[in-house]
Amino acid sequence: MRVRGWRASTLLLGLFVSLSIVALVTVTPVQAGKPAGGAGGGGGVSYSCSVAVTYSPGSFTVKTTITATGGSLPGPTETDYVSSYKNGVLYNTQSATNSVGRNTATFTFNVPVPSSGAGAYTFQSTILSSKGSQLATCTGTYSL
């Protein structure tokens, strides 16, 4: 069959190819950029952390866990800076560097309790990559 000098099969093929190109252009995935602060680890990776605080006479145990979602931690080491506040006043800062797994790292600190004891305690963790970029920050609280 001919349609004004064109064969119908040629016309259908041209229409199919044109629609395929349009569909390909409109469904191309968008790449997510690196997290703010240039944390690295590839596009689309997000970092989260949690702080668990337990008390034993004379000290707190502060356990920070950082998790990479959509990729891996930039490792091989991360640093966790833990700042301890009592009633809003900084009283202790500690840091440690630990080896990490592919997607999760755990840091555990013992923070001494000040001699005055009672009060509201806040523990803030700032996680830095091995290159010094901030990956995440999180807080935990405890009242004595």
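Throughout, residue positions are numbered sequentially from 1 according to the sequence presented.
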*Has Tyr81 got more than 12 heavy atoms of other residues, nucleotides or ligands less than 6.0 Å from its OH?*
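Open.
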*asked:* Around atom NZ of Lys63, are there more than 12 heavy atoms from other residues, nucleotides or ligands closer than 6.0 Å?
replied: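 No, because the 6.0 Å sphere around NZ of Lys63 holds 12 heavy atoms or fewer from other groups.
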_Donor-acceptor check, side chain of Asn98 to backbone of Thr77, threshold 3.5 angstrom: yes or no?_
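No; zero donor-acceptor contacts below 3.5 Å.
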Quick one, [X] and [Y] - any side-chain contact, counting heavy atoms below 4.5 Å?
X	Y	value
Phe60	Leu144	yes
Val53	Thr141	no
Leu135	Pro74	yes
Phe123	Thr64	no
Phe107	Ile127	yes

If I compare all heavy atoms of [X] with all of [Y], which pair ends up nearest, and what's the gap?
X	Y	result
Leu128	Gln134	CD2-CA, 3.6 Å
Ile66	Ala136	CD1-CB, 4.4 Å
Val45	Gly70	CG2-O, 3.6 Å
Ser50	Cys138	N-SG, 3.8 Å

*Does a side chain donor of either Asn110 or Thr61 reach within less than 3.5 Å of an acceptor in the other side chain?*
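Short answer, yes.
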_Approximate separation, where rounding is to 0.5 Å, of Ser72 OG and Arg102 CZ_ =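 Atom-to-atom, Ser72:OG and Arg102:CZ are 5.0 Å apart.
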*Nearest-0.5 Å distance that lies between atom CG in Asp80 and atom OG1 in Thr65*: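 The CG atom of Asp80 sits 9.5 Å away from the OG1 atom of Thr65.
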*Of Thr67, Leu73, Thr137, which is the lone residue that meets side chain to side chain contact (heavy atoms under 4.5 Å, CB included) with Tyr47?*
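Result: among Thr67, Leu73, Thr137, Leu73 is the only option passing the side chain to side chain contact (heavy atoms under 4.5 Å, CB included) with Tyr47.
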*Establish, yes or no, whether a centroid distance under 6.0 Å links the rings of Tyr91 and Tyr121.*
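So the answer is yes for these two rings.
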*Can you hop from Val82 to Val51 via hydrophobic side chains spaced under 4.5 Å?*
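Yes, Val82 and Val51 fall within the same hydrophobic cluster.
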*Do Val62 and Tyr55 belong to the same hydrophobic cluster, where Ile, Leu, Val, Met, Phe, Trp and Tyr are linked whenever their side-chain heavy atoms lie under 4.5 Å apart, directly or via other members?*
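Yes, one cluster joins them.
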